[in-house]
2 protein chains.
Amino acid sequence: MKHLLQTIKIEVNNKTYVKDPESSDLGKRIVEHSILMIHELGFDSFTFKKLGDKIGSNESSIYRYFENKHKLLLYLTSWYWGWLEYQFVFATNSISNPAEKLQKAIEVISKPVVLDASFSHINEVLLNDIIINEYSKSYLTKEVDNENKEGYFEIYKRMVMRMKEMITEVSPEYPFAASLASTVLEGTLHQYFLVQHFPSLTDCGDEVTPTEYFTDLVFKSIDK
Amino acid sequence: MKHLLQTIKIEVNNKTYVKDPESSDLGKRIVEHSILMIHELGFDSFTFKKLGDKIGSNESSIYRYFENKHKLLLYLTSWYWGWLEYQFVFATNSISNPAEKLQKAIEVISKPVVLDASFSHINEVLLNDIIINEYSKSYLTKEVDNENKEGYFEIYKRMVMRMKEMITEVSPEYPFAASLASTVLEGTLHQYFLVQHFPSLTDCGDEVTPTEYFTDLVFKSIDK
DNA sequence: TAAGATATGAAAGTAATACTATTATTTTTG
DNA sequence: CAAAAATAATAGTATTACTTTCATATCTTA
């Protein structure tokens, strides 16, 4: 399994980058340290200049990999969803019972992220935290419709569709499968955000996990 | 009722502004046109300079009302939630049956917004669209914990708590009332966003309303 | 191994942003 | 009508988000 994973490359829409960061050492350092810096400073205060200083490289060199920091965010978020989709498919693929499969899917999406040694330059735990705190910014823009047409959100959409199909598999008559699927994906991020910053607005925390909450929510919704 | 409403002022945390925009003509024009401009350009492209040009006033005059555009966003969003809270309390207050009350609450939160003539310089429909497309940006910042302490999100939090209490009223044993309440508030905005930009990820649209979806979600979740 | 191609770095420049400060002018009000 | 308050005009600063140009290092392949 380890060897299998080591040969895997997460495929990200190539419009997110000018030059594939996986293709060079500098590229990988850009990705590695952008995750550390965005996590540390927040996306808004993060700049290519600061990143260049940190990795001892020039601002203009970073621009040879990514057009701007928005595209870098699209790259990082797409990579994240691609990585999670892999876990998702891997974990659910062999399960034939639809309800069990759905249960597993909810689990994969909502459980806390742990480090994956397969991608040494990417810290998935910090990246997950970036997704929780910054993902919305990738689509809450005036360019969202164009960027959607260009396929920048494909992987995320595919995840929602996979989830939706699993719901429909368990309960074909449930009329809100797409909405419920998107609620689970988006809601998971939101509940983790609330745990961090508005604990009074969530039951999740030390005793209750997002997985328990969403498992309950989904199965109660679709059980007749 | 009209006269009653006309005398009402939505109370917004006074730290959001330097000088109360309700206290002068210029202040009201700033608010009025900031809503139009943020709706038109998106929050990211909106600047005080552009707003000044539009209302034939000077950039520096706008700074006498709001420290920066982030604070203006906090003002607008607080105003919106204050306004919605008013509708919420007004509509549910007289209902004694807890389930009916909860149903009404979900309705108020999730139904499409219509213009309210009581506040002539504020277009609630456009403001609602700003909330759908920009609200997350008001809290997805590195300053969120400080700003939370200073009370900038009080009204929103109060709305979630009101919702939570209504859920608990109907079903005291349901263990995820806070999470479900925050899911309804946040999820409503997200479903409307999906209708606009990612229709394949939602069932809401011409035939299904967010109200139907969330009513189903909430009552199925809390019914034993 | 030399020549050419490619990648990276250094430096400088530009337009816009997000303010701040100062001073002038207009408006309000007592 | 005078003083105070509000607003406007102008200019200035530091930072951002790039772009451009040119130099240098490194890699590659004939």
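Throughout, protein chains are lettered first and strands after them, A, B, ... in sequence-line order, and every chain is numbered starting at 1. Note that the structure is predicted; figures quoted are calculated from it, not measured.
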Without decimals, in angstroms, what is the distance between [X] [atom1] and [N] [atom2]?
X      : N       : atom1 : atom2 : value
L26(A) : dT26(D) : CG    : C1'   : 14 Å
K54(B) : dA8(D)  : NZ    : C1'   : 20 Å
K69(B) : dT17(C) : NZ    : C1'   : 9 Å
F66(B) : dA18(C) : CZ    : C1'   : 17 Å
L51(B) : dT17(C) : CG    : C1'   : 15 Å
D25(B) : dA8(D)  : CG    : P     : 10 Å
D53(A) : dG9(C)  : CG    : P     : 12 Å
H70(A) : dT16(D) : NE2   : C1'   : 17 Å

State, with a plain yes or no, whether a side-chain heavy atom of P21(B) is found less than 4.5 Å away from one of K28(B).
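No, side chains not in contact.
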Do W83(B) and V113(B) come within less than 4.5 Å of each other through their side chains, counting heavy atoms only?
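When only atoms from C-beta onward are counted, V113(B) and W83(B) do touch, with a gap below 4.5 Å.
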As a test of reading the structure: which of dA18(C), dT8(C), dC18(D) is closest to the side chain of N68(A), going by heavy atoms?
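The listed nucleotide nearest to N68(A)'s side chain is dC18(D).
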R29(B) (side chain) donor-acceptor with I55(B) (main chain) under 3.5 angstrom:
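Indeed, once roles are kept as given, a pair shorter than 3.5 Å links the two residues.
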Would you confirm whether T16(B), through its side chain, and L74(B), through its main-chain N or O, come within 3.5 Å as a donor-acceptor pair?
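Not at all, since once roles are kept as given, no pair shorter than 3.5 Å links the two residues.
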Verify whether one side chain among [X] and [Y] offers a donor that lies under 3.5 Å from an acceptor in the other.
X       : Y       : result
Y65(B)  : S24(B)  : yes
T188(B) : S110(B) : no
N148(B) : H197(A) : no

Name of the residue among Y135(A), F88(A), Y80(A), W79(A) meeting ring-ring contact (aromatic ring centres under 6.0 Å, His included) with Y156(A)
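The residue from Y135(A), F88(A), Y80(A), W79(A) that satisfies ring-ring contact (aromatic ring centres under 6.0 Å, His included) with Y156(A) turns out to be Y135(A).
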Looking at DNA chain D, which of residues 40-49 of chain A put a heavy atom within less than 4.0 Å of it?
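Heavy-atom contacts with DNA chain D come from T47(A).
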Please list residues of residues 57-64 of chain A whose heavy atoms come under 4.0 Å from any atom in DNA chain D, ordered by number; otherwise none.
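Contacts with DNA chain D under 4.0 Å: E59(A), S60(A), Y63(A).
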Look at K19(B) and dT7(D) and indicate whether a side-chain polar atom (N or O) is within less than 4.0 Å of OP1 or OP2.
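K19(B) to dT7(D) OP1/OP2: side-chain N or O found under 4.0 Å.
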Phosphate oxygens OP1/OP2 of dA6(D): is one of them under 4.0 Å from a side-chain N or O of Y65(B)?
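No, no such contact exists.
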So, E85(A) and R162(A), do they make that salt bridge, N to O below 4.0 Å?
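Answer for the salt bridge query: yes.
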